[in-house]
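This is a predicted model, so every value here is computed, not measured. Excluded from the calculations below are hydrogen atoms, water molecules and symmetry mates; all remaining heavy atoms, backbone and side chain alike, are included.
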Amino acid sequence: MLEFFASNYALNLLILICIYVILSVSLNLIIGYSGMLNLGHAAFFGIGAYASALLALAGYPYWICFIAAVFFAGLGGAMIAYPSLKLRGDYLAIATLGFGEIARAVMKNWVSLTRGPLGLPGIPKISFFGLTLTTKFQFFIFALIIAILVVLFVSKIVKSPFGRVLRAIREDEIAAQAIGKNIKKYKVIVVITGAACAGIAGSLFAHHITFIDPTTFTLMETILIVCMVVLGGVASIRGSVIGATILVLLPEPLRFLGLPTSMAAALRVMIYAALLILLMIYKPNGIFGEWRFRHAKSKEAL
Amino acid sequence: MKNYMILMSILLITILVVGCAPTEMQPAGEETKEPIKIGFIGPLTGDVAPYGEGWRDGALLAVEEINTAGGINGRMLELVPEDGLCKPKDATNAAQKLIEIDKVQAIVGGFCSSETLAVAPIAEEAKVVLMSPGSTNADITESGDYIFRACPSDALQGEIMAIYMYDEGYREVAIMYANSDYNLGLRNVFSKKFTELGGEIVVEQNYEQDAKDMRTQITKIKDAAPEALYLVPYPADGTIILVQMKELDVDLPVFAPESMCVDKVLVDSGEAAEGMVVSTPTFDEAAPKTAEFLQKFNDRFGYKPELTSYSANAYDVVYLFADAMKQGHITGTEIKDYLYTVTDYTGAGGKLTIDENGDAIKELILMRVENGEFVDLE
Amino acid sequence: MLKVKKLYKHFGGVKAVDGCSFEVEKGAIVALIGPNGAGKTTVFNLITGFIEPDKGKVLLYNKDITGMAPYRISKEGVSRTFQIIRLFPKMTVLENMMLSMQNVYENFWLSMLPLKQKKLHEAKMVNDALELLKFVDLEGKKNALAGNLSYGQQKLLEMAKALASEPELLLLDEPASGVNPTMLKKITNLLKELKKKGKTILFVEHNMDFVMKIADKVVVMDGGEEIAEGPPKKIQKNKRVLDAYLGKVIKIKRRKKK
Amino acid sequence: MGIAAQLIINGIIAGGIYALVALGYTMVYGILRFINFAHGEVFMLGAYLGWVFNILLGVNVIVAGVLAMLGCAVAGFVIDKIAYKPLRGRGMLPPLITAIGISLFLQALAILIFGAQIRTFRTGEVVRGITIPFIDAIITKIQIVIIIVSVALMVALHFYIKYTKTGKAMRAVADNYEVASIVGINPNKVISYVFIIGSALAAAGGILVGMEQNLTPTMGVSIGIKSFTAAVVGGIGNIYGAVLGGFMIGLIENIGIWFIPSGYKDAIAFAVLLFFLLFKPTGIFGVKKGEEVSV
């Protein structure tokens with residue numbers, strides 16, 4: 001069995017799990033703990049990936065690429081900070097969805113910078129202080145450490161007094177303002193932090209797959225991350241980690257069901273979608289969920 | 001905080017074991033009578049599925065034929081198709097699975113250049129041959145020794161058409177292309193060559209690959225009144241453009257790469273394709289092997305593949321793999337060395353020679369559409 | 001301490017507040033009464049910055065706080081309760097209390113660092129919170145979720161919460177409404193206690209004998225403007241106040257019989 | 001003059017389709033405050049059903065259209081009953097994820113049943129468009145049909161909403177879900193009607209696009225997002241807003257790419273969306289829906 005874990009196939013999945021854990025935990029910080037329904041997470045994932053890849057291809061050492069990924073993704077977060085303050089619930093979801101699509105259109109059409117649909121091949125391996133991550137196993141260890149750090153960072157935020165205020169804002173913005181909390185400042189910080197973490201995941205993704213193009217950072221990618229958060233349980237860090245793990249692994253066993261070749265791919269998507277629907281009907285709060293995302297401030301959920 | 005960390009890692013590992021448990025271990029087993037597996041990576045769902053399906057069935061047809069004819073020295077051949085979705089993440093997942101679990105030594109695919117470019121380093125590292133029947137992106141040429149392709153790099157196609165159009169006396173030309181890797185690649189090469197020759201690109205329009213309404217782009221081209229149009233679409237959107245051009249009374253001489261050298265385009269666009277000049281590797285559907293392939297394809301699957309030349313290429317790639325294996329070259333490295341020796345292989349996709357960095361040299365010919373049929377030009 | 005000068009607020013045609021002015025002296029308990037729709041709650045929202053006044057000034061210790069953001073007014077030492085109770089239902093009673101307290105460690109970076117003073121401060125806050133909860137005898141409920149308390153208990157919690165930030169001025173929006181008599185007595189005693197501690201309170205209320213018992217001064221509003229101001233006794237006899245509440249006495253001319 | 005007129009005609013044709021599909025989004029959102037992400041796939045299903053009846057079974061195109069609309073109406077009804085009904089009142093996220101699950105499911109189903117090949121209604125020879133006199137823009141017969149049919153359906157919907165009993169019930173439930181149920185309107189029945197009508201209209205849009213262009217399993221995705229944007233721009237929850245929003249997005253898109261690189265065509269629709277959301281979140285016709293501070 002151990003030989004299986006060393007195989008690149010398993011390591012590839014483990015690395016993807018680390019990347020998607022970072023994405024789902026950071027999105028949960030925005031959706032679960034601060035009540036801001038953000039459907040633009042893949043855009044920050046993409047900005048981080050492109051920033052890191054472009055600088056790496058230009059020969060910069062990895063730690064500069066990493067910081068650039070975090071910085072530019074955070075900058076992206078700052079851009080949607082304004083709508084995040086002004087809009088609530090569905091409207092915020094729609095606005096961030098729009099932002100995500102515009103970001104992807106820029107990635108696809110700003111050919112001089114991103115080579116557009118041709119993408120960026122040959123992204124160099126990660127190396128810092130003379131150590132180069134050549135094998136997939138080394139990369140996995142690096143990704144695991146980063147993932148654990150991000151999860152600790154986010155759970156620290158959530159358990160700290162800062163996090164307590166976040167949950168208060170999620171519960172009732174009016175009451176939070178009345179007791180002297182500057183909700184604008186808190187929301188902006190959360191949106192930028194969440195986006196910056198997505199940038200980290202972007203950097204890891206770029207150097208792992210070594211080729212990125214706009215087709216990866218679509219609305220469906222954000223939806224996948226939202227599903228991980230909802231499946232795992234809104235406002236539960238453990239939930240997001242488990243949600244990410246399940247949804248990365250879910251399609252894999254379907255490959256081995258020996259479906260008739262002509263229908264295999266389509267059937268796989270159908271089974272995946274059916275499982276998603278059933279999970280939502282029978283476990284709408286997600287596995288660890290304890291907070292249900294209600295409509296703006298109407299007392300009962302509609 | 002400490003116990004939380006332990007809990008989290010234990011959970012992570014247990015989910016992993018559960019998630020991957022059902023994978024049966026498949027030893028390579030040269031001697032045993034197990035079938036030899038070859039992989040296939042291509043877009044079977046998502047936007048590019050209409051073409052992926054035809055390419056997979058082309059490869060499937062070849063595998064079935066080889067097996068009916070006795071397989072590889074008695075051992076059956078098995079195609080393991082995986083869905084690449086034209087996306088790097090899914091293509092790498094598929095490649096890792098094929099290489100690690102199915103222990104394939106050769107893979108047919110990827111189709112979209114994004115798939116091939118993502119899988120290339122993995123295949124190179126695992127010393128597994130990756131031969132793409134359809135990725136024309138120029139970057140693939142230097143992407144590795146184990147990386148081949150059965151279609152010419154777009155460098156050739158773009159240049160030939162630029163030269164031809166220049167010689168025909170066109171100086172002010174428009175380009176219209178779908179906003180994806182194959183099309184942008186060809187557009188770059190074409191415009192570089194055409195401007196080098198002294199021509200001028202007066203207007204350029206692109207569109208999302210799944211777009212249906214290109215009327216405004218066509219109106220913009222009509223407004224710039226170019227002498228000719230170099231159109232770089234996929235067959236589906238190409239058909240719509242030809243139709244909409246006719247509807248909008250825009251009769252410009254149209255030039256296109258092999259993606260338009262497809263019978264279905266002629267049928268679906270009515271007479272709108274009349275007079276179109278297409279550059280394509282020697283793939284005339286009348287050639288014996290090609291016609292036979294199309295006939296067998298239709299008998300077996302009951303439809304005509306969208307991008308016929310690429311389905312034929314997939315068919316040829318499987319046969320090339322089979323020829324190598326028949327001569328005892330089983331491992332990826334052996335197949336690789338054999339492939340470099342392939343010259344003037346006449347397959348369903350026309351005559352093919354593989355050059356030193358794994359690209360296919362195929363003579364490119366020009367054809368024109370005359371009363372609903374592709375006819376050879378000079 | 002609190003001066004409200006010529007406040008105007010019109011929602012479209014509705015003149016919710018139409019030139020209202022009154023004053024709340026330090027240490028005084030002032031009741032703001034008037035028929036429904038007189039603009040009482042709107043004045044509350046104008047003072048606490050949730051709604052911007054069209055015209056007029058709100059001064060706290062002669063500092064102009066008109067139109068400041070609600071959280072900054074709260075920081076100036078003004079805390080309030082709401083007509084419809086606004087607690088954090090999914091958070092514990094203790095958390096609700098601690099959220100209202102001044103806590104420098106709620107800053108993003110400070111809250112992350114494992115500082116000793118932070119732990120001390122956290123512990124101190126818990127003590128202060130428990131003390132206040134004892135004051136409103138909700139101490140036993142400290143770990144219960146605020147949403148699970150009874151209506152009366154939530155009223156008390158909301159008041160305790162407002163007190164937690166040691167405000168200069170306490171604004172209570174109908175503290176006595178919808179509470180059973182025993183709870184009403186508790187609230188009355190609570191206010192008396194606060195009066196002894198010299199707290200300044202402005203509250204909106206309909207329950208007249210509660211107002212008469214508690215208030216030092218009464219401000220009466222009708223139709224968006226204040227029509228009378230003074231000690232409760234005097235206000236009871238004020239003609240304009242009676243008209244506002246009981247409606248105008250209209251002489252009906254009898255037509256002479258033919 | 002010709003070019004400008006042509007752009008406007010292009011905009012109106014595209015707008016007609018967006019409006020038809022936007023109506024489905026707006027009606028469902030008006031009542032359930034829920035974005036039915038699977039609506040785009042119902043549009044695709046309509047196109048394929050129309051193709052099956054018309055091309056495979058040789059039924060006349062109008063009858064095929066009606067049959068397809070009925071088929072999609074049933075599909076919409078079934079989707080609501082199976083997937084959305086159990087999640088009523090479960091907050092916003094679970095229904096959102098379920099809708100996405102259904103849209104993926106339908107796309108894969110389409111690939112399985114109809115195969116991934118590109119289909120088209122077009123059989124006859126492509127004929128040159130008719131030049132509209134004195135503004136010399138070109139429009140084809142099918143495009144004229146598209147505009148007429150889409151406007152006709154919208155007018156029909158207007159009368160249905162205004163004058164029929166269920167129409168009034170729909171408006172009541174949209175206005176206030178609880179009060180409507182107290183007054184004796186069965187909200188579930190009304191919700192089913194909304195899904196039936198919304199899906200039928202989307203099917204009509206699907207057939208019209210299918211006739212004019214071609215069919216692929218993923219055709220519903222981009223049209224879905226655009227029409228949804230139109231519904232929001234017009235004022236989510238308001239029927240007339242959806243129609244206006246549809247034509248607006250169609251026009252802005254087509255006129256927009258005259259000035260900026262055409263690769264940004266989709267991005268224009270989203271830029272308009274962001275503009276409206278930030279400065280006029282209720283859209284053009286929308287009514288303020290309890291969003292402000294109810295202190």
Portion of [X] that has a non-hydrogen atom of chain A nearer than 4.5 angstrom:
X        : result
B/Asn93  : both
B/Asn183 : neither
B/Ala94  : both
B/Cys86  : backbone
B/Pro121 : side chain

(message) I need the minimum non-hydrogen distance between A/Tyr9 and B/Glu100, along with the two atoms involved.
(response)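 Shortest heavy-atom separation between A/Tyr9 and B/Glu100 comes out as N-CG, 3.3 Å.
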(message) If I compare all heavy atoms of B/Leu184 with all of A/Pro117, which pair ends up nearest, and what's the gap?
(response)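 Between these two residues, the closest heavy atoms are CD2-CD, 3.5 Å.
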(message) Quick test of your reading of the model: are A/Lys108 and B/Glu208 salt-bridged, counting only N-O distances below 4.0 Å?
(response) yes
(request) Tell me, yes or no, whether the heavy-atom count around B/Lys127 atom NZ, taken from other residues, nucleotides or ligands under 6.0 Å, exceeds 12. (result)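 No, the 6.0 Å shell around NZ holds no more than 12 heavy atoms from other groups.
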(request) Go through the atoms of A/Ile123 and report whether side chain, backbone, both or neither lie under 4.5 Å from a heavy atom of chain B. (result) neither
(request) Select one option (side chain, backbone, both, neither) describing which atoms of A/Val111 are under 4.5 Å from chain B's heavy atoms. (result)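 Looking at A/Val111, just its side chain touches chain B.
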(request) First locate atom NZ of B/Lys103, then atom OG of A/Ser7, and finally report the distance between them rounded to the nearest 0.5 Å. (result)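 If we round to the nearest 0.5 Å, B/Lys103:NZ and A/Ser7:OG are 7.5 Å apart.
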(request) Would you mind telling me which of B/Lys97, B/Glu125, B/Lys87 has the largest number of heavy-atom pairs within less than 4.5 Å of chain A? (result)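 The option with the most such pairs is B/Lys97.
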(request) Please test A/Asn8 against B/Ile122 for side-chain contact (heavy atoms from CB on, under 4.5 Å), starting from the C-alpha separation and ending with a verdict. (result) CA-CA 9 Å; A/Asn8 283 343; B/Ile122 297 166; over 6 Å; no
(request) Name, in order of residue number, those residues of residues 208-218 of chain A that have a heavy atom at a distance of less than 4.5 Å from a heavy atom in chain B; otherwise write 'none'. (result)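 The list, in residue order, reads A/Ile209, A/Thr210, A/Phe211, A/Asp213, A/Thr215, A/Thr216, A/Thr218.
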(request) Tell me, with the steps shown, if B/Asp139 and A/Arg115 meet salt bridge (charged side-chain N to carboxylate O under 4.0 Å, His left out). (result) CA-CA 12 Å; B/Asp139 300 332; A/Arg115 284 168 35 99; 2.5 Å; yes
